Amino acid sequence: MASTTTLDSGVQPAPPGGKTFFGHPRGLATLFMTETWERFSFYGMRALLVLYLVAPAAKGGLAFNTATGLAIYSVYNAMVYLLALPGGWISDRLWGARKTVGVGGGIIMVGHFLLAVPNKGAFFAGLGCIAIGSGLLKANISTMVGHLYPDRNDPRRDGGFTIFYMGINLGAFLAPLVIGTVGQKVNWHLGFALAGIGMAIGLTQYLLGSRHLSKESDIVRAPLSSEDRTSLLRKVALWLGIAAVCYGGVGLAGVFTINWVLTPLSLAGIALPILVFARIKRDPELTKDESNKVSGYVWFFVAAAAFWMIYDQSGSTLTVFASNNTAGKLFGIGFPSSWFQSLNPLFIMALAPVVAWLWVRLANIGKNPTTTSKFVYGLYGIGLSFAVMMLAMLAASGGVKVSPLWLTMVYLVQTIAELSLSPVGLSVTTKLAPKKYASQMMGIWFLAVTAGDCVASLLQQFLGNAFLSTPSFAIQGVAVALAGFAIWMGRKRIGELLGDVH
């Protein structure tokens, strides 16, 4: 089916009988494959990250204690989502989405290849590069999908995003099976190199196929003036200078440890959302209705942060449990522990259409749960997943290797909880965003992930190895369930703040 877009939209129309991508603009194929390979590299590396951090030096690892390895993972993941905010700003003010995504992909590729170098300094430099590059790419590639459909009522638009997100989960599903296997069974650094090769393939495909993208993706929407650029460079230089002096002093004093990096970043990841919401609430240009909706949104934001605090431990706490306490064989078939990371995207691909159908079905009979109720279901679900983990820890006491079905159940429960909360959160973010902050609010939503991961990091640093224990799982699960109960009890007040949004 030929594309129906016009030259005025910035997308080249397909000639009669010309090629499309399942009836969609050909640019969707470019973005689909780019995101598939980027997620392949990201989730493949993530499947190995904690295992490599805590592996003994004799086995080629960095030999961090378990709590520190978990904290490094949490802070790294938090920074990926935190940097999506400046990534969007750079696109809007400096480069445009197309160039920003290309540069981001290149930085990610360099980062993965730095991880492949058997040197601790190169490893942490690589993590920094991947976080920066992911912030640039993640903030803009979804926006570029939207650019392919300049008519917001284009009936293909939702289908295009569905195809795009299938690419995310396809890459996330395949990565642990390939990169995880090579990293664990052959060589850590070879696994990281495979992640770099995956990103290189994605970047090459992006550059070759970029001619099919919308011209709107080249637009710099609010370019900086020369004076603004000079002021920005001065501020960046000032803060980098302050950091260099502070950390130089700590290094010269001989007291530097990894916690001098982890703790300040964790505190910053929690403080930043508070400052952002305070700034928005003080904005005199907001109407009373908009201000009330922002106040209502804060409830959902805090709930989401609590949710992600547990959910994002799938790549850290659960990975360590899989490696140390779970049998690596099921029905006579052996597999490396990193394969558990493929369960979540597999369950998402299987269950997302079912959950989407369920909400539509309930809406048709007038029983579709409210946004508040769906958030409560998500929080109860993620709390339940750690109740299952508590039972798994009890089963593993005394050095027993438990059945892989325990973790399979945990990932299944977490996926169902995610499908109840995450897509609904994205939707309510767009509904409650003040007009002035319509574009920024999606970046603010990602800050919930940052805040949740940073809370987890602080707990991991404070509790040490006790974080990976039955009481810890119980406390976290109960705390998140109580957050769900608080949201439920406050549903009337939240409804009043939301006004016409249900």
Side-chain angles (χ1 to χ4, degrees), residues 71-72 74-97 99-101 103-104 106-108 110-111 114 121-140 220-285 436-437 439-441 443-444 446-447 449-451 453-454 457-458 461:
I72 291 172
S74 294
V75 169
Y76 160 74
N77 208 55
M79 292 304 105
V80 167
Y81 288 93
L82 175 63
L83 291 170
L85 269 181
W89 184 90
I90 287 171
S91 171
D92 288 340
R93 307 300 302 274
L94 294 174
W95 293 340
K99 181 177 179 181
T100 304
V101 168
V103 172
I107 295 174
I108 293 170
V110 170
L114 283 173
F123 177 81
F124 284 106
L127 284 185
C129 285
I130 295 169
I132 292 169
S134 296
L136 294 172
L137 188 145
K138 186 175 183 63
N140 296 289
V220 180
R221 300 189 175 280
L224 286 178
S225 65
S226 57
E227 293 81 4
D228 290 336
R229 287 174 182 262
T230 301
S231 174
L232 175 64
L233 289 173
R234 286 174 178 169
K235 290 177 181 177
V236 170
L238 173 64
W239 285 107
L240 287 177
I242 291 173
V245 169
C246 291
Y247 281 100
V250 171
L252 290 173
V255 296
F256 179 82
T257 66
I258 191 66
N259 285 342
W260 278 94
V261 177
L262 298 179
T263 302
L265 288 178
S266 298
L267 293 173
I270 296 170
L272 184 61
I274 297 173
L275 296 174
V276 168
F277 279 115
R279 178 174 63 85
I280 293 175
K281 284 289 291 181
R282 289 197 306 266
D283 191 334
E285 296 183 19
K436 182 177 179 180
Y437 297 97
S439 299
Q440 298 179 43
M441 285 297 284
I444 292 172
F446 287 133
L447 287 182
V449 183
T450 297
D453 284 342
C454 287
S457 172
L458 290 174
Q461 294 172 63

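In this text the structure is predicted, and so the values were computed from the model without any measurement. No hydrogens, no waters, no symmetry mates; every other heavy atom, side chains included, goes into these values.
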Between Ile270 and Leu458, is there a side-chain heavy-atom distance shorter than 4.5 Å? yes
Spatial distance of atom OG (Ser266) from atom CD (Gln461) [nearest 0.5 Å]: 5.0 Å
Is there a donor-acceptor contact under 3.5 Å linking the side chains of Asn140 and Thr100? no
Contacts of type side-chain contact (heavy atoms from CB on, under 4.5 Å), residue Leu94, not counting sequence neighbours: Trp89, Ile90, Leu224, Arg229
Donor-acceptor list for residues 230-245 side chains, cut-off 3.5 Å, not counting sequence neighbours:
| unit_1 | atom_1 | unit_2 | atom_2 | d |
| --- | --- | --- | --- | --- |
| Thr230 | OG1 | Ser226 | O | 3.0 |

Residues 74-86 side chain polar contacts: donor-acceptor under 3.5 Å, at least two apart:
| unit_1 | atom_1 | unit_2 | atom_2 | d |
| --- | --- | --- | --- | --- |
| Ser74 | OG | Leu70 | O | 3.2 |
| Ser74 | OG | Gln460 | OE1 | 3.1 |
| Ser74 | OG | Gln460 | NE2 | 3.4 |
| Asn77 | ND2 | Asp312 | OD2 | 2.8 |
| Asn77 | ND2 | Asp453 | OD2 | 3.0 |

Supply the atom-to-atom distance Leu262 CG to Ser457 OG, rounded to the nearest 0.5 angstrom. 5.5 Å
For Val101 and Leu136, what are the C-alpha separation, side-chain angles and deciding distance, and is it a side chain to side chain contact (heavy atoms under 4.5 Å, CB included)? CA-CA 6 Å; Val101 168; Leu136 294 172; over 6 Å; no
For the atom pair SG (Cys454) and CG (Leu267), what is the distance rounded to the nearest 0.5 Å? 8.5 Å
Does a side-chain heavy-atom distance below 4.5 Å link Ile107 with Leu137? no
Does some side-chain heavy atom of Thr450 sit less than 4.5 Å from a side-chain heavy atom of Pro273? no
Is Pro264 close to Tyr247 at the side-chain level, that is, under 4.5 Å between some pair of heavy atoms? yes
Would you say Val261 and Phe124 make side-chain contact, with heavy atoms under 4.5 Å? no
Heavy-atom donor-acceptor pair, Asp283 side chain to Arg279 backbone, under 3.5 Å: no
